[in-house]
Participant: 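To start, I am sharing the structure in question, which I have written as structure tokens.
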Amino acid sequence: MKIPDNLKWKPTGKTLGQGGQAQILEVIDKTSDLDQTYALKPLGKNKPKQAYQRFYREIEAIKSADHPYIIKIVDHSSEGDEFNFYVMELVPDAVPLKSLIESENNPFFRDAVKALSFFIKLADAIYYWDSKLSIVHRDLSPANVLILTDGTIKVIDFGLVQIEGAETITLVDEGLGTIDYMAPECGSGAGGNISGKSDLYSAGKILWSAVTGRKAFAREVPIWRAMSLQNIFPDHPMTWHLSTTIEKSIQSEEYKRPLPYEALEFAKKTLEVVERGYPPIELVGKRCPVCGFGELKSDTGWVAWGKAAPQGSVYFECNHCGFYFAQDKVRHEQSVNRGRPEETLEERFYRR
């Protein structure tokens with residue numbers, strides 16, 4: 001696509017990728033002496049009316065964004081112009097998360113600290129555009145999150161953005177979004193409330209993909225059971241700490257998910273727990289949380305303070321350091337199971 005000569009943007013001849021309606025071109029500013037490059041996203045001519053409406057909704061949604069993890073727009077056309085476009089900042093050496101997940105250089109693979117740090121950045125961006133801009137991205141996926149060399153992120157491609165209170169713009173016969181990461185209520189023809197919790201659903205799927213190095217799928221239950229972190233990484237229990245964040249985020253019903261701010265705060269707390277070396281709840285009752293060396297045994301009698309064990313509790317003693325404690329059995333089992341459903345035939349298929 002030829003860029004009009006009256007614009008200050010000149011193509012370098014390099015194509016950066018494919019947007020929803022056109023190729024994204026690398027450009028430079030003809031009026032500047034700097035060698036800085038940018039990304040220009042054009043919209044072709046003779047598109048349906050809805051395509052132009054959505055294009056300018058995307059511009060309107062993110063041009064006012066002021067957040068370190070959201071891509072910035074530096075120039076754009078106006079509705080009714082002959083050439084429709086917007087220009088974004090271009091971050092050198094930024095890589096789509098999708099490429100990292102599919103490579104052998106995934107920095108988040110099996111790394112609970114890095115994966116949680118990534119999720120916190122993504123959740124922070126979601127909380128910002130949910131609370132400050134009143135928009136829903138609707139198409140968060142590994143392809144739409146760039147990883148910078150310093151470990152920060154940039155969320156891109158707001159082409160399916162939904163503005164609070166505005167009518168959803170749908171193109172005829174369009175395949176909406178990345179189905180394996182999209183919340184159920186965001187799918188074409190789906191009902192239900194679309195909110196910041198919808199983007200949080202996608203973020204939970206993305207976190208699972210980042211830490212496992214695998215592509216997600218358009219279902220939730222396998223990630224709770226057959227494809228849980230406990231099953232994928234039986235020898236790396238620190239990754240299990242991520243399970244609660246993932247499972248709370250990808251509830252199929254929107255009302256069961258936490259608010260973006262709640263998920264953000266919970267992830268920060270989880271990161272602190274991981275960095276301090278606390279074992280996951282699944283290991284409490286197996287490995288001593290004090291010395292980390294001994295095994296917890298429950299075959300000794302309750303001797304604490306000379307009283308009987310509290311009703312409904314289970315008691316343990318470390319066979320190495322002697323640490324002795326009781327735990328509420330019901331609450332422990334609830335924490336481990338996290339309200340997961342019984343295994344289905346679908347799960348058994350994934351587990352084979």
Participant: Determine whether the side chains of E26 and T15 contain a donor N or O and an acceptor N or O closer than 3.5 Å.
Facilitator: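 Checked: E26/T15 side chains show no N/O donor-acceptor pair below 3.5 Å.
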Participant: Using the rule given for side chain to side chain contact (heavy atoms under 4.5 Å, CB included), can you reason through V91 versus K154, listing the C-alpha separation, both sets of side-chain angles and the distance that settles it, and then say yes or no?
Facilitator: CA-CA 9 Å; V91 184; K154 289 286 184 181; 4.3 Å; yes
Participant: Do any N or O atoms from the side chain of S198 and from the backbone of I194 form a donor-acceptor pair under 3.5 angstrom?
Facilitator: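 Not confirmed, S198 side chain does not pair with I194 backbone.
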Participant: Can you list every pair that meets salt bridge (charged side-chain N to carboxylate O under 4.0 Å, His left out) and has a residue in residues 71-85, with sequence neighbours left out?
Facilitator: K45-E82
Participant: Kindly indicate, with the supporting measurements, whether the criterion side chain to side chain contact (heavy atoms under 4.5 Å, CB included) is fulfilled by D130 and Y261.
Facilitator: CA-CA 10 Å; D130 176 57; Y261 178 76; over 6 Å; no
Participant: Tell me whether V27 shares a hydrophobic cluster with L7, the cluster being built from Ile, Leu, Val, Met, Phe, Trp, Tyr side chains joined at under 4.5 Å.
Facilitator: yes
Participant: Show the numbers, then the answer: is there a salt bridge (charged side-chain N to carboxylate O under 4.0 Å, His left out) between E253 and K256?
Facilitator: CA-CA 6 Å; E253 293 87 358; K256 291 184 178 180; 3.6 Å; yes
Participant: If you count every heavy atom of other residues, nucleotides or ligands that lies below 6.0 Å from D35 atom CG, does the total exceed 12?
Facilitator: no
Participant: May I have all residue pairs that pass salt bridge (charged side-chain N to carboxylate O under 4.0 Å, His left out) and include part of residues 268-280, sequence neighbours excluded?
Facilitator: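 For residues 268-280, and leaving out neighbouring residues, the salt bridge (charged side-chain N to carboxylate O under 4.0 Å, His left out) pairs sorted by first residue read E265-K268, E272-R276.
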Participant: With F108, which residues qualify under ring-ring contact (aromatic ring centres under 6.0 Å, His included), at least two apart?
Facilitator: F118
Participant: For I120 and L271: C-alpha separation, side-chain torsions, deciding distance, then whether side chain to side chain contact (heavy atoms under 4.5 Å, CB included) applies.
Facilitator: CA-CA 9 Å; I120 288 170; L271 178 59; 3.8 Å; yes
Participant: Can you see which heavy atom on A65 is nearest to which on L133, and at what distance?
Facilitator: CB-CD1, 3.9 Å
Participant: Between N144 and D139 (side chain of the first, backbone of the second, donor and acceptor by atom type, cut-off under 3.5 Å), is there such a pair?
Facilitator: yes
Participant: For the residue pair F233 and F109, categorise the inter-ring angle as parallel (less than 30°), tilted (30 to 60°) or perpendicular (more than 60°).
Facilitator: perpendicular
Participant: Evaluate E254 against S195 for side-chain hydrogen bond (donor to acceptor under 3.5 Å, both in side chains), listing each step before the verdict.
Facilitator: CA-CA 8 Å; E254 183 260 1; S195 70; 2.7 Å; yes
Participant: List the residues meeting salt bridge (Lys or Arg N to Asp or Glu O under 4.0 Å) with K215, not counting sequence neighbours, and say none if there are none.
Facilitator: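 Scan of K215 (salt bridge (Lys or Arg N to Asp or Glu O under 4.0 Å), adjacent residues dropped) gives D180.
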Participant: If you take all heavy atoms of L242 and A115, which pair is closest and at what distance?
Facilitator: CD2-CB, 3.8 Å
Participant: Keeping to residues at least two apart or across chains, list the salt bridge (charged side-chain N to carboxylate O under 4.0 Å, His left out) pairs with something in residues 101-124.
Facilitator: K98-E102
Participant: Please list, chain by chain and in numerical order, all residues satisfying side chain to side chain donor-acceptor pair (under 3.5 Å) with T31, sequence neighbours excluded.
Facilitator: D29
Participant: How far apart are the closest heavy atoms of R214 and I232, and which atoms are they?
Facilitator: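 Closest heavy-atom pair between R214 and I232: NH2-CG2, 3.8 Å.
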Participant: Are the side chains of L40 and I3 in touch, meaning some heavy atoms are under 4.5 Å apart?
Facilitator: yes
Participant: Using modelled atom types only, decide if a donor and an acceptor are shared between the side chain of S77 and the backbone of F85 within a distance under 3.5 Å.
Facilitator: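 Checked: pair present.
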Participant: Apply side chain to side chain contact (heavy atoms under 4.5 Å, CB included) to the pair L122 and I206, showing each step before the final yes or no.
Facilitator: CA-CA 10 Å; L122 185 55; I206 293 171; 4.1 Å; yes
Participant: Can you name the closest pair of heavy atoms from L148 and A94 and give their distance?
Facilitator: CD1-CB, 4.2 Å
Participant: How far does SG of C186 sit from CG of N193, to the nearest 0.5 angstrom?
Facilitator: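 Atom-to-atom, C186:SG and N193:CG are 9.5 Å apart.
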Participant: Side-chain donor-acceptor pair under 3.5 Å between S103 and N105, yes or no?
Facilitator: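 No, no side-chain donor-acceptor pair sits under 3.5 Å.
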Participant: My understanding is that only residues two or more places apart in sequence, or in another chain, count here; which of them pass ring-ring contact (aromatic ring centres under 6.0 Å, His included) with W129?
Facilitator: H137, F158
Participant: Are E185 and K197 ion-paired here, with the side-chain N under 4.0 Å from a carboxylate O?
Facilitator: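 Between K197 and E185 there is no salt bridge, as every charged N stays at least 4.0 Å from the carboxylate O atoms.
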Participant: Closest approach of G196 and I126, non-hydrogen atoms and distance?
Facilitator: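 Taking every non-hydrogen atom into account, O-CG2, 3.9 Å.
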Participant: Between E295 and N319, do the side chains contain an N or O donor and an N or O acceptor separated by less than 3.5 Å?
Facilitator: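 N319 and E295 do not have a side-chain donor-acceptor pair below 3.5 Å.
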Participant: Between S249 and T245 (side chain of the first, backbone of the second, donor and acceptor by atom type, cut-off under 3.5 Å), is there such a pair?
Facilitator: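 The answer is yes, because a donor-acceptor pair under 3.5 Å joins these two groups.
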Participant: Taking the side chain as everything from C-beta on, heavy atoms only, tell me whether S209 gets closer than 4.5 Å to Y181.
Facilitator: yes
Participant: List the residues meeting ring-ring contact (aromatic ring centres under 6.0 Å, His included) with H67, not counting sequence neighbours, and say none if there are none.
Facilitator: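 ring-ring contact (aromatic ring centres under 6.0 Å, His included) check on H67 returns Y69, Y128.
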Participant: Would you mind reporting whether L25 and K14 have side-chain heavy atoms less than 4.5 Å apart?
Facilitator: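 With C-beta onward as the side chain, the pair stays apart.
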Participant: What residue among W9, Y56, F55 forms ring-ring contact (aromatic ring centres under 6.0 Å, His included) with Y86?
Facilitator: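 Between Y86 and the candidates, ring-ring contact (aromatic ring centres under 6.0 Å, His included) is satisfied uniquely by F55.
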Participant: Should the heavy atoms of other residues, nucleotides or ligands under 6.0 Å from NZ of K63 be counted, would the total exceed 12?
Facilitator: yes
Participant: Looking at residues at least two apart in the chain, or sitting in another chain, which of them share a ring-ring contact (aromatic ring centres under 6.0 Å, His included) with Y52?
Facilitator: none
Participant: Test your reading of the model: is there a side-chain donor-acceptor pair from K30 to the backbone of D5, 3.5 Å cut-off?
Facilitator: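 Yes, K30 side chain to D5 backbone: donor-acceptor pair under 3.5 Å.
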Participant: Are there more than 12 heavy atoms of other residues, nucleotides or ligands under 6.0 Å from atom CZ of F323?
Facilitator: yes
Participant: Under the 3.5 angstrom rule, does the side chain of W208 hit a backbone N or O of M227 as a donor-acceptor pair?
Facilitator: yes
Participant: Rounded to the nearest 0.5 Å, what's the gap from CG on D157 to CE on M88? Could you check?
Facilitator: 8.0 Å
Participant: How long is the span from the CG atom in D199 to the CG atom in L140, to the nearest 0.5 Å?
Facilitator: 5.0 Å
Participant: Can you name the side chain to side chain donor-acceptor pair (under 3.5 Å) partners of Y201, sequence neighbours left out?
Facilitator: K205, E220
Participant: Got T244 and H241 here, is their nearest side-chain heavy-atom distance under 4.5 Å?
Facilitator: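 The answer is no, as the side chains (C-beta and beyond) never meet within the 4.5 Å cut-off.
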Participant: Tell me, do V155 and I71 make a side-chain contact under 4.5 Å, heavy atoms counted?
Facilitator: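 Heavy-atom side-chain distance check fails, nothing below 4.5 Å.
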Participant: Looking at residues at least two apart in the chain, or sitting in another chain, which of them share a side-chain contact (heavy atoms from CB on, under 4.5 Å) with P107?
Facilitator: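 Partners of P107 under the side-chain contact (heavy atoms from CB on, under 4.5 Å) test: L100.
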Participant: Is F119 reachable from V113 through a run of I, L, V, M, F, W or Y residues, each pair having side-chain heavy atoms under 4.5 Å apart?
Facilitator: yes
Participant: Please list, chain by chain and in numerical order, all residues satisfying side-chain contact (heavy atoms from CB on, under 4.5 Å) with P258, sequence neighbours excluded.
Facilitator: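 side-chain contact (heavy atoms from CB on, under 4.5 Å) check on P258 returns L200, K248, E262, A263.
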Participant: Compare all side-chain heavy atoms of V95 with those of L146 and state whether any distance is below 4.5 angstrom.
Facilitator: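 Of all side-chain heavy-atom pairs linking L146 with V95, none is under 4.5 Å.
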Participant: When you look at CZ of F83, are more than 12 heavy atoms from neighbouring residues, nucleotides or ligands closer to it than 6.0 Å?
Facilitator: yes
Participant: I'd like to know if L90 and I147 are part of one continuous hydrophobic network [Ile/Leu/Val/Met/Phe/Trp/Tyr, side-chain heavy atoms within less than 4.5 Å].
Facilitator: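 Yes: a chain of side-chain contacts under 4.5 Å links I147 to L90.
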Participant: Restricting to non-hydrogen atoms, name the atom on C318 and the atom on G294 that form the minimum distance, rounded to 0.1 Å.
Facilitator: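 So the two residues come closest at SG-CA, 3.7 Å.
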Participant: Flag the pair P237 / P279 as yes when at least one side-chain heavy-atom distance between them is below 4.5 Å, and no otherwise.
Facilitator: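 Sidechains of P279 and P237: no contact.
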